[in-house]
Amino acid sequence: MIERLADPAEARAWCAERRESGASVGFVPTMGALHIGHLSLVERAVAENDFACVSVFVNPLQFDDPSDLECYPRDFEGDARLLEGVGCAMVFTGTLEQFFPGELSADGALASARLVDPGPAAEGLEGACRSGHFGGVATIVERLFEVVEPERAYFGRKDYQQALVIADLARRRGGPRGIVCDIVRESSGLACSSRNALLTDGERERAVCLSRSLETVDAAWREGARDAALLGALLRENLERVGVEVEYAELRDPERWSAAAPLGELERAVALVAARVGGVRLIDNRVLGVGGDGRG
Ligand code: PAF
(Lines give C-alpha, C1' and ligand atoms only; values in the text may rest on other atoms or scores of the structure.)
Protein backbone atom coordinates (compact mmCIF):
# COMPACT_ATOMS: atom_id res chain seq x y z
CA MET A 1 0.00 0.00 0.00
CA ILE A 2 1.46 3.37 -1.01
CA GLU A 3 1.96 5.94 1.75
CA ARG A 4 0.14 9.20 0.93
CA LEU A 5 1.52 12.23 2.79
CA ALA A 6 0.06 15.72 2.60
CA ASP A 7 2.90 17.55 4.35
CA PRO A 8 6.55 17.83 3.24
CA ALA A 9 7.63 17.68 6.93
CA GLU A 10 6.09 14.19 7.16
CA ALA A 11 7.76 13.24 3.88
CA ARG A 12 11.11 14.41 5.22
CA ALA A 13 10.72 12.20 8.33
CA TRP A 14 9.61 9.22 6.20
CA CYS A 15 12.66 9.53 3.92
CA ALA A 16 15.09 10.15 6.80
CA GLU A 17 13.89 6.98 8.54
CA ARG A 18 14.58 4.91 5.40
CA ARG A 19 17.98 6.49 4.77
CA GLU A 20 19.03 6.03 8.41
CA SER A 21 18.27 2.31 8.13
CA GLY A 22 20.70 2.19 5.20
CA ALA A 23 18.09 2.06 2.43
CA SER A 24 18.43 4.03 -0.80
CA VAL A 25 15.62 6.38 -1.84
CA GLY A 26 14.97 7.17 -5.51
CA PHE A 27 12.93 10.27 -6.23
CA VAL A 28 10.72 11.49 -9.07
CA PRO A 29 9.53 15.10 -8.69
CA THR A 30 6.31 15.81 -10.61
CA MET A 31 3.46 18.26 -10.91
CA GLY A 32 0.98 15.36 -11.07
CA ALA A 33 -1.52 14.53 -13.84
CA LEU A 34 0.70 11.52 -14.30
CA HIS A 35 1.06 9.72 -17.62
CA ILE A 36 3.10 6.78 -18.88
CA GLY A 37 6.17 9.01 -19.23
CA HIS A 38 6.14 9.74 -15.48
CA LEU A 39 5.38 6.11 -14.69
CA SER A 40 8.40 4.96 -16.70
CA LEU A 41 10.58 7.21 -14.49
CA VAL A 42 8.98 5.77 -11.37
CA GLU A 43 9.45 2.20 -12.61
CA ARG A 44 13.13 2.92 -13.05
CA ALA A 45 13.35 4.50 -9.58
CA VAL A 46 11.65 1.41 -8.12
CA ALA A 47 14.08 -0.91 -9.94
CA GLU A 48 17.24 0.98 -8.95
CA ASN A 49 16.52 1.89 -5.30
CA ASP A 50 15.21 0.24 -2.12
CA PHE A 51 12.32 2.74 -2.05
CA ALA A 52 10.89 5.10 -4.64
CA CYS A 53 8.99 8.24 -3.73
CA VAL A 54 7.24 10.88 -5.82
CA SER A 55 6.23 14.46 -5.12
CA VAL A 56 3.07 15.89 -6.66
CA PHE A 57 3.06 19.66 -6.45
CA VAL A 58 1.87 22.17 -9.03
CA ASN A 59 4.55 24.70 -8.25
CA PRO A 60 3.21 28.27 -8.60
CA LEU A 61 6.77 29.67 -8.59
CA GLN A 62 7.43 28.34 -12.09
CA PHE A 63 4.30 29.67 -13.84
CA ASP A 64 4.53 33.07 -15.48
CA ASP A 65 0.93 32.86 -16.73
CA PRO A 66 -1.81 32.68 -14.02
CA SER A 67 -4.33 31.07 -16.41
CA ASP A 68 -1.80 28.32 -17.23
CA LEU A 69 -1.42 27.64 -13.50
CA GLU A 70 -5.20 27.67 -13.07
CA CYS A 71 -5.80 25.19 -15.93
CA TYR A 72 -2.98 22.80 -15.04
CA PRO A 73 -4.66 19.36 -14.55
CA ARG A 74 -4.78 18.07 -10.94
CA ASP A 75 -5.84 14.65 -9.63
CA PHE A 76 -3.85 13.62 -6.52
CA GLU A 77 -5.94 10.51 -5.73
CA GLY A 78 -5.78 9.26 -9.35
CA ASP A 79 -2.03 9.88 -9.36
CA ALA A 80 -1.57 7.97 -6.08
CA ARG A 81 -3.45 4.96 -7.47
CA LEU A 82 -1.25 4.91 -10.62
CA LEU A 83 1.88 5.18 -8.47
CA GLU A 84 0.76 2.32 -6.26
CA GLY A 85 0.37 0.19 -9.39
CA VAL A 86 4.06 0.61 -10.29
CA GLY A 87 5.43 -0.06 -6.81
CA CYS A 88 6.03 3.50 -5.58
CA ALA A 89 6.37 3.42 -1.77
CA MET A 90 5.38 7.02 -0.95
CA VAL A 91 3.78 10.03 -2.62
CA PHE A 92 3.68 13.44 -1.02
CA THR A 93 2.31 16.85 -1.68
CA GLY A 94 2.08 20.13 0.24
CA THR A 95 1.22 23.78 -0.05
CA LEU A 96 3.67 26.56 -0.90
CA GLU A 97 3.45 27.61 2.76
CA GLN A 98 4.35 24.08 3.90
CA PHE A 99 7.31 23.95 1.54
CA PHE A 100 8.56 27.38 2.67
CA PRO A 101 7.24 27.76 6.24
CA GLY A 102 7.50 31.29 7.56
CA GLU A 103 9.03 32.52 4.31
CA LEU A 104 5.95 33.79 2.45
CA SER A 105 4.78 37.40 2.53
CA ALA A 106 1.24 38.38 3.58
CA ASP A 107 0.02 37.96 -0.02
CA GLY A 108 1.33 34.37 -0.09
CA ALA A 109 4.35 35.05 -2.34
CA LEU A 110 7.98 34.03 -1.92
CA ALA A 111 10.36 37.01 -2.12
CA SER A 112 12.16 37.11 -5.46
CA ALA A 113 15.48 37.41 -3.56
CA ARG A 114 14.74 33.95 -2.12
CA LEU A 115 14.59 32.33 -5.59
CA VAL A 116 17.50 30.05 -6.46
CA ASP A 117 19.68 31.19 -9.36
CA PRO A 118 19.07 28.57 -12.07
CA GLY A 119 22.47 29.18 -13.68
CA PRO A 120 23.54 29.59 -17.31
CA ALA A 121 21.52 26.66 -18.69
CA ALA A 122 18.40 28.73 -17.97
CA GLU A 123 19.35 31.26 -20.65
CA GLY A 124 17.56 31.28 -24.00
CA LEU A 125 14.61 29.23 -25.32
CA GLU A 126 12.36 28.24 -22.35
CA GLY A 127 14.17 30.73 -20.13
CA ALA A 128 13.57 33.53 -22.64
CA CYS A 129 9.92 32.62 -23.34
CA ARG A 130 8.89 31.99 -19.73
CA SER A 131 10.17 34.74 -17.50
CA GLY A 132 11.28 33.46 -14.09
CA HIS A 133 10.34 29.88 -14.95
CA PHE A 134 13.68 28.22 -14.23
CA GLY A 135 14.22 30.27 -11.06
CA GLY A 136 10.91 28.78 -9.86
CA VAL A 137 11.92 25.26 -10.94
CA ALA A 138 15.36 25.46 -9.30
CA THR A 139 13.85 26.84 -6.07
CA ILE A 140 11.27 24.07 -5.65
CA VAL A 141 13.61 21.30 -6.80
CA GLU A 142 16.27 22.40 -4.30
CA ARG A 143 13.62 22.33 -1.55
CA LEU A 144 12.35 18.91 -2.73
CA PHE A 145 15.92 17.58 -2.64
CA GLU A 146 16.23 18.91 0.94
CA VAL A 147 13.02 17.10 1.90
CA VAL A 148 13.88 13.75 0.30
CA GLU A 149 17.72 13.79 0.14
CA PRO A 150 17.47 11.06 -2.48
CA GLU A 151 20.34 8.97 -3.72
CA ARG A 152 19.03 9.27 -7.28
CA ALA A 153 16.53 11.63 -8.91
CA TYR A 154 14.84 10.90 -12.23
CA PHE A 155 13.82 13.38 -14.93
CA GLY A 156 12.42 13.12 -18.44
CA ARG A 157 14.42 14.40 -21.40
CA LYS A 158 11.34 16.07 -22.87
CA ASP A 159 12.16 18.99 -20.56
CA TYR A 160 15.64 19.13 -22.05
CA GLN A 161 16.69 22.51 -20.72
CA GLN A 162 15.14 21.82 -17.31
CA ALA A 163 17.25 18.66 -17.06
CA LEU A 164 20.38 20.78 -17.66
CA VAL A 165 19.32 23.33 -15.01
CA ILE A 166 18.66 20.56 -12.48
CA ALA A 167 21.92 18.76 -13.30
CA ASP A 168 23.77 22.03 -12.52
CA LEU A 169 21.81 22.43 -9.29
CA ALA A 170 22.57 18.83 -8.21
CA ARG A 171 26.26 19.37 -9.04
CA ARG A 172 26.38 22.61 -6.99
CA ARG A 173 24.85 20.98 -3.90
CA GLY A 174 26.77 17.70 -4.27
CA GLY A 175 23.80 15.44 -5.12
CA PRO A 176 21.63 13.64 -5.82
CA ARG A 177 22.73 11.70 -8.87
CA GLY A 178 20.45 12.95 -11.66
CA ILE A 179 19.22 10.38 -14.17
CA VAL A 180 17.72 11.71 -17.38
CA CYS A 181 15.42 9.22 -19.10
CA ASP A 182 14.30 8.97 -22.73
CA ILE A 183 11.17 10.69 -23.96
CA VAL A 184 8.10 8.45 -23.92
CA ARG A 185 5.86 8.98 -26.94
CA GLU A 186 2.31 8.08 -27.88
CA SER A 187 1.99 5.80 -30.94
CA SER A 188 1.49 8.92 -33.11
CA GLY A 189 4.90 10.23 -32.01
CA LEU A 190 3.42 12.93 -29.75
CA ALA A 191 5.62 13.25 -26.64
CA CYS A 192 3.71 12.31 -23.47
CA SER A 193 2.84 15.40 -21.44
CA SER A 194 0.30 16.24 -18.74
CA ARG A 195 -0.78 19.09 -21.02
CA ASN A 196 -1.89 16.61 -23.73
CA ALA A 197 -5.02 16.07 -21.59
CA LEU A 198 -6.02 19.66 -22.47
CA LEU A 199 -5.95 19.05 -26.27
CA THR A 200 -9.13 18.50 -28.28
CA ASP A 201 -9.07 15.59 -30.77
CA GLY A 202 -8.28 17.98 -33.64
CA GLU A 203 -5.52 19.71 -31.69
CA ARG A 204 -4.02 16.35 -30.75
CA GLU A 205 -3.78 15.49 -34.45
CA ARG A 206 -2.11 18.82 -35.22
CA ALA A 207 0.23 18.46 -32.22
CA VAL A 208 1.92 15.52 -33.93
CA CYS A 209 3.66 18.11 -36.12
CA LEU A 210 6.13 18.76 -33.27
CA SER A 211 7.60 15.25 -33.36
CA ARG A 212 7.26 15.06 -37.17
CA SER A 213 9.22 18.28 -37.66
CA LEU A 214 11.96 16.89 -35.40
CA GLU A 215 11.99 13.65 -37.42
CA THR A 216 12.30 15.64 -40.65
CA VAL A 217 15.30 17.54 -39.33
CA ASP A 218 16.81 14.31 -38.00
CA ALA A 219 16.45 12.78 -41.49
CA ALA A 220 18.17 15.83 -43.03
CA TRP A 221 20.99 15.49 -40.47
CA ARG A 222 21.43 11.82 -41.35
CA GLU A 223 21.68 12.81 -45.01
CA GLY A 224 24.53 15.14 -44.12
CA ALA A 225 22.91 18.56 -43.51
CA ARG A 226 24.98 20.41 -40.87
CA ASP A 227 24.24 24.10 -41.38
CA ALA A 228 22.56 25.49 -38.23
CA ALA A 229 20.48 28.13 -40.01
CA LEU A 230 19.26 25.71 -42.66
CA LEU A 231 18.29 23.05 -40.12
CA GLY A 232 16.55 25.64 -37.92
CA ALA A 233 14.58 26.96 -40.91
CA LEU A 234 13.53 23.42 -41.88
CA LEU A 235 12.29 22.80 -38.36
CA ARG A 236 10.25 26.00 -38.27
CA GLU A 237 8.79 25.53 -41.77
CA ASN A 238 7.48 22.09 -40.88
CA LEU A 239 5.68 23.49 -37.85
CA GLU A 240 4.33 26.60 -39.52
CA ARG A 241 2.92 24.59 -42.42
CA VAL A 242 0.45 22.96 -39.99
CA GLY A 243 -0.58 26.34 -38.59
CA VAL A 244 0.62 25.98 -35.01
CA GLU A 245 1.95 29.06 -33.25
CA VAL A 246 5.72 28.51 -33.01
CA GLU A 247 7.49 30.01 -29.98
CA TYR A 248 10.87 28.63 -30.94
CA ALA A 249 12.33 26.06 -33.27
CA GLU A 250 16.10 26.06 -32.84
CA LEU A 251 19.23 23.98 -32.54
CA ARG A 252 21.78 23.83 -29.76
CA ASP A 253 25.03 21.96 -29.14
CA PRO A 254 24.01 19.21 -26.65
CA GLU A 255 27.44 19.32 -25.03
CA ARG A 256 27.66 23.10 -24.62
CA TRP A 257 24.49 25.05 -23.87
CA SER A 258 24.30 28.56 -25.32
CA ALA A 259 21.59 31.20 -24.95
CA ALA A 260 21.59 31.85 -28.71
CA ALA A 261 21.51 29.31 -31.52
CA PRO A 262 24.99 28.33 -32.72
CA LEU A 263 25.99 29.50 -36.18
CA GLY A 264 27.57 27.71 -39.13
CA GLU A 265 28.35 24.01 -39.45
CA LEU A 266 27.45 21.87 -36.42
CA GLU A 267 29.30 18.82 -35.13
CA ARG A 268 26.50 17.78 -32.76
CA ALA A 269 22.96 19.08 -32.42
CA VAL A 270 19.79 18.87 -30.43
CA ALA A 271 16.69 20.36 -32.06
CA LEU A 272 14.19 21.94 -29.67
CA VAL A 273 10.68 23.22 -30.32
CA ALA A 274 7.91 24.98 -28.39
CA ALA A 275 4.56 25.72 -29.99
CA ARG A 276 1.01 26.55 -29.00
CA VAL A 277 -1.59 24.19 -30.39
CA GLY A 278 -4.95 25.84 -29.74
CA GLY A 279 -4.38 27.26 -26.28
CA VAL A 280 -1.98 24.52 -25.18
CA ARG A 281 1.76 25.09 -25.03
CA LEU A 282 3.80 22.00 -25.95
CA ILE A 283 7.54 21.35 -26.10
CA ASP A 284 9.61 18.56 -27.66
CA ASN A 285 13.20 17.90 -28.71
CA ARG A 286 15.45 15.40 -30.40
CA VAL A 287 19.20 14.84 -30.34
CA LEU A 288 20.00 14.52 -34.03
CA GLY A 289 21.50 11.34 -35.43
CA VAL A 290 21.27 9.47 -32.13
CA GLY A 291 18.49 6.93 -32.63
CA GLY A 292 15.23 6.38 -34.45
CA ASP A 293 13.29 5.53 -31.29
CA GLY A 294 12.32 9.03 -30.29
CA ARG A 295 15.34 9.51 -28.06
CA GLY A 296 16.40 13.08 -27.83
O1 PAF B 1 8.98 18.83 -14.70
C2 PAF B 1 8.17 19.10 -13.79
O3 PAF B 1 7.12 18.46 -13.63
C4 PAF B 1 8.47 20.26 -12.84
O5 PAF B 1 9.12 21.29 -13.50
C6 PAF B 1 9.23 19.83 -11.58
C7 PAF B 1 10.61 19.29 -11.92
C8 PAF B 1 8.44 18.77 -10.83
C9 PAF B 1 9.41 21.04 -10.66
O10 PAF B 1 8.17 21.57 -10.27
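Start at 1 and go down the list; that is how both ligands and their atoms are numbered. All values derive from a computational prediction rather than experimental measurement. Below, each value reflects all heavy atoms present in this structure, side chains not excepted, and no hydrogens, waters or symmetry copies.
When the options M31, Q62, H133 are ranked by their closest heavy atom to atom 9 (C) of ligand 1, first place goes to Q62.
Taking 4.5 Å as the limit, every side-chain heavy atom of P29 sits out of range of all side-chain heavy atoms of F57.
Under the side-chain contact (heavy atoms from CB on, under 4.5 Å) rule, V42 has a single partner from T30, V91, V28, which is V28.
Every atom of ligand 1 is numbered from 1 in the order shown, and the set under 4.0 Å from a heavy atom of T30 is 8 (C). Counting the atoms of ligand 1 from 1 in the order shown, those under 4.0 Å from a heavy atom of I140 are 9 (C), 10 (O). Of all atoms in ligand 1, listed by their number and element, those nearer than 4.0 Å to a heavy atom of P29 are 8 (C).
How far CH2 of W14 is from CZ of F51: 5.5 Å, rounded to the nearest 0.5 Å.
When only interatomic distances are considered, the shortest N/O to N/O separation between Q162 and ligand 1 falls below 3.5 Å.
Ring orientation note: the planes of F99 and F92 are tilted relative to one another, at an angle of 30° to 60°.
Cluster annotation: L34 is connected to V86 through the hydrophobic network of ILVMFWY side chains, with a link wherever side-chain heavy atoms come within less than 4.5 Å.
At a 4.0 Å heavy-atom cut-off, ligand 1 does not touch L144 at all.
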